[in-house]
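Data block below; observations after.
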Amino acid sequence: MWVTAVCALHCLLLPVILPMLSLIGLSFIGEELLERVILGTSIVLGLVALLMGMRQHLRVYPLLLLVAGGFIYWHKDSLGEVGEPAIILLGASLIVLAHWVNLKLTRQASSLRANAFQ
């Protein structure tokens with residue numbers, strides 16, 4: 001969830017700070033490859049976390065939210081510069097929502113199991 005939030009901030013703030021980055025030798029932060037690596041890492045870590053949660057709560061829709069958010073985020077350039085912030089916000093929101101729902105379902109499943117053993 002945190003990797004996705006950092007990735008979203010990176011994409012949203014980059015146009016503002018990019019001109020300054022080259023002055024201090026950090027222009028690589030604006031590279032498309034770095035964005036794809038960060039997003040890919042976010043999706044892989046998210047898949048691991050959600051699959052571990054699915055073993056407890058047996059629900060698949062958090063995983064679907066993650067995949068949908070990752071797909072939308074990956075295609076952030078499809079509406080051009082004007083639509084990019086909206087696509088980033090939508091994709092990142094779906095990824096964060098997937099983690100939040102997974103956490104909620106995992107806690108409910110743990111609570112149900114704990115009550116069943118009492």
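- Nearest heavy atoms, T106 versus G53: OG1-CA, 3.7 Å.
- L79 and I72 fall within a single hydrophobic cluster, where Ile, Leu, Val, Met, Phe, Trp and Tyr side chains are chained together by heavy-atom contacts under 4.5 Å.
- Tested against S93, the residues V96, L89, L90 include a single side chain to side chain contact (heavy atoms under 4.5 Å, CB included) partner, L89.
- A donor-acceptor pair under 3.5 Å is formed between the side chain of R59 and the backbone N or O of H57.
- Atom CG in N115 sits 11.0 Å away from atom OG in S110 (nearest 0.5 Å).
- Cluster annotation: Y61 is not connected to V67 through the hydrophobic network of ILVMFWY side chains, with a link wherever side-chain heavy atoms come within less than 4.5 Å.
- Although no hydrogens or angles enter the test, the distance criterion places a donor-acceptor pair under 3.5 Å between the side chain of T41 and the main chain of V37.
- Atoms CZ and CG, on R55 and L50 in that order, are 13.5 Å from each other to the nearest 0.5 Å.
- Taking all atoms of both residues into account, the shortest heavy-atom contact from G46 to H99 is CA-CE1, 3.5 Å.
- Here the closest heavy-atom approach between residue G69 and residue L94 is recorded as CA-CB, 3.6 Å.
- Contact detail for P62 and A98: the closest heavy-atom pair is O-CB, 3.2 Å.
- For the atom pair CD1 (I87) and CH2 (W74), the distance works out to 14.5 Å, reported to the nearest 0.5 Å.
- Counting Ile, Leu, Val, Met, Phe, Trp and Tyr side chains that sit under 4.5 Å apart, directly or through other members, M52 shares a hydrophobic cluster with V48.
- By the criterion of side-chain heavy atoms lying less than 4.5 angstrom apart, applied directly or through intervening Ile, Leu, Val, Met, Phe, Trp or Tyr residues, L39 is not grouped with F71; the two fall into different hydrophobic clusters.
- Residues L58 and L63 do not share a hydrophobic cluster, clusters being chains of Ile/Leu/Val/Met/Phe/Trp/Tyr side chains in contact below 4.5 Å.
- Smallest separation of non-hydrogen atoms from E84 and K76: OE2-NZ, 3.3 Å.
- Closest heavy-atom contact between A49 and N102: O-ND2, 3.6 Å.
- Side-chain heavy atoms closer than 4.5 Å link hydrophobic residues (I, L, V, M, F, W, Y) into clusters, and following such links, even through other members, never connects L112 to L105.
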_Test side chain to side chain contact (heavy atoms under 4.5 Å, CB included) applied to R113 and Q56, step by step_ = CA-CA 10 Å; R113 270 197 301 280; Q56 293 182 19; 3.5 Å; yes
